[in-house]
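First the proteins, then the strands, lettered A, B, ... as listed; each starts at 1. Being a predicted model, the structure only gives us computed values, none of them experimental. The figures that follow rest on heavy atoms only: side chains count, while hydrogens, waters and symmetry mates do not.
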Protein chains: 2
Amino acid sequence: MTRPPTPDLTGLPDRELLKLDHQVCFSLQAASRAFGGVYREALRDLGLTYPQYLAMMVLWEHGPLPVKTIGDRLHLDSGTLSPLLKRLESAGLVRRERGPQDERSVTVHLTDSGAGLRERALPVPRSILRATGLSVQEVLDLQETLGRLTASLGRAG
Amino acid sequence: MTRPPTPDLTGLPDRELLKLDHQVCFSLQAASRAFGGVYREALRDLGLTYPQYLAMMVLWEHGPLPVKTIGDRLHLDSGTLSPLLKRLESAGLVRRERGPQDERSVTVHLTDSGAGLRERALPVPRSILRATGLSVQEVLDLQETLGRLTASLGRAG
DNA sequence: CACAATTGAATTGCGCACAACTCAATCATG
DNA sequence: CATGATTGAGTTGTGCGCAATTCAATTGTG
């Protein structure tokens, strides 16, 4: 019943492979959506969705940034970020300016309102972490595994 | 530098919590999206998206099922499933019938074309699992952790 | 039996993710 | 310096996920 650390996957029967890989991606998405639900509730008062919260966090941490840089950090392209930032802008949290040196680039600034929102967002991480029910070590292990997984999948795809 | 297995989370500073929880959900979504990319490529020839593939797998495994049952298995509601099944139907893979005993229920059947697609889908799981770069044991551990995580988050949200 | 509550599907609306494309600004090469 | 390639944003279209609503069918209760 013990398995070698790197078993010969090609030797496993198709239906076992099917179960394994199905459940990995499936349980990954299940966890991801469960997070979404918890964040949705935690961010409701702030009027932010989770992706919007991520964008705000990048700005809270690094100050004004070009759209391109935000996209690099969040692994999102302009097709996702442009409308998202537009919503943040119409919510009055953010302001966009064409860069003077490179007129293709648009730099995103926090407004006073956007900067002030940080205070109200501070308790969110704690409530989320507590909701996971995981120990810190489990969180670290999970991240390590997910990091390798994403890297492998990225190279493959 | 060593930590107890279940540390007192309330004792950690805010900014450390912030990093931890941020990266968990973030790396979860990153892995989930990386999977999406790999599946997208693997399923391109079949003309299926990953959620459509999941629905087909349920039908391949269990035969004709009511929409409700498919939704329970995939954790999807009718708002997501109805249009998805409609697309599968217009692709000729699936047929929908009102149940005679309960006229609210709609049972989804595979067409011959839909059943035949299973053959072409068989090599997909193997290529996906290989792309993960994880050992079988790591896959099992990951699933276990994700299962607990999802359960905790579900209870919390 | 009548009527209220519940259930199963579908629809609408919103936001995210991604592909494909447009367009202007910038860069690189000859 | 002129021209072709590349880059940064934005737009369009498709599909997923979720909330909220609608509607008919069914169930439960008095």
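- A donor and an acceptor atom never sit less than 3.5 Å apart when one is taken from the side chain of A:Thr49 and the other from the base of C:dG15.
- No side-chain heavy atom of A:Thr107 sits under 4.5 Å from any side-chain heavy atom of A:Arg96.
- Here C:dA17 presents its P atom at 18 Å from OH of B:Tyr50, a figure rounded to the nearest Å.
- Residue B:Gln29 contributes atom CD, which lies 12 Å from atom C1' of D:dG17 at whole-angstrom precision.
- Looking at which nucleotide of DNA chain D each of B:His75 and A:Arg96 is closest to, the 5′-most match is held by A:Arg96.
- For the pair B:Met57/B:Glu61, no side-chain contact is recorded, criterion being any heavy-atom separation below 4.5 Å from C-beta on.
- With DNA chain D read from its 5' end, the first of the two nearest nucleotides for A:Leu81 and B:Leu76 is the one closest to A:Leu81.
- In this structure, A:Glu41 places its CD atom 15 Å from P of D:dC18, rounding to the nearest Å.
- Between A:Asp77 atom CG and D:dT11 atom C1' the separation is 12 Å, expressed in whole Å.
- Side-chain N/O atoms of B:Ser78 and base N/O atoms of C:dA10 include a donor-acceptor pair closer than 3.5 Å.
- When each of A:Gln52 and B:Thr69 is assigned the nucleotide of DNA chain C bearing its nearest heavy atom, the one mapping closer to the 5' terminus is B:Thr69.
- Two residues are said to be in side-chain contact when any heavy atoms from C-beta on lie closer than 4.5 Å; B:Leu142 and A:Leu142 meet this criterion.
- Regarding B:Arg33, its CZ atom lies at a distance of 11 Å from the P atom of C:dA19, rounded to whole Å.
- B:Leu74 places its CG atom 13 Å from the P atom of C:dA9, with the value rounded to the nearest Å.
- With the nearest nucleotide of DNA chain C identified for both B:Arg98 and A:Pro83, B:Arg98 has the one nearer the 5' end.
- Look at CG on A:Leu84: it is 11 Å from C1' on C:dA17, rounded to the nearest Å.
- Here the nucleotide nearest the side chain of B:Lys68, chosen from C:dA9, C:dA17, C:dT26, is C:dA9.
- Minimum atom distance to the side chain of A:Val106 is reached by D:dA9, of the listed D:dA9, D:dA25, C:dA17.
- Between A:Leu88 and A:Leu48 there is a side-chain heavy-atom pair separated by less than 4.5 Å.
- OP1 or OP2 of C:dA9 sits under 4.0 Å from a side-chain N or O of B:Ser105.
- Counting only heavy atoms from C-beta on, A:Arg104 has its side chain closest to D:dT7 among D:dA9, D:dT7, C:dT7.
- Side-chain atoms of B:His22 and A:Leu54, non-hydrogen and from C-beta on, do get closer than 4.5 Å to each other.
- Listed pair B:Lys86 / C:dA9 fails the phosphate criterion, with no side-chain N or O lying under 4.0 Å from OP1 or OP2.
- Annotation: side chain of B:Leu149 is not in contact with side chain of A:Glu138 (no heavy-atom distance under 4.5 Å).
- In the set D:dC18, C:dC18, C:dG8, D:dC18 carries the atom at the smallest distance from any side-chain atom of B:Thr80.
- For B:Ser82, counting side-chain heavy atoms from C-beta on, the closest listed nucleotide (C:dA10, D:dG10, C:dC18) is C:dA10.
- Here the P atom of nucleotide D:dA9 and the CD atom of A:Glu97 are 14 Å apart, to the nearest Å.
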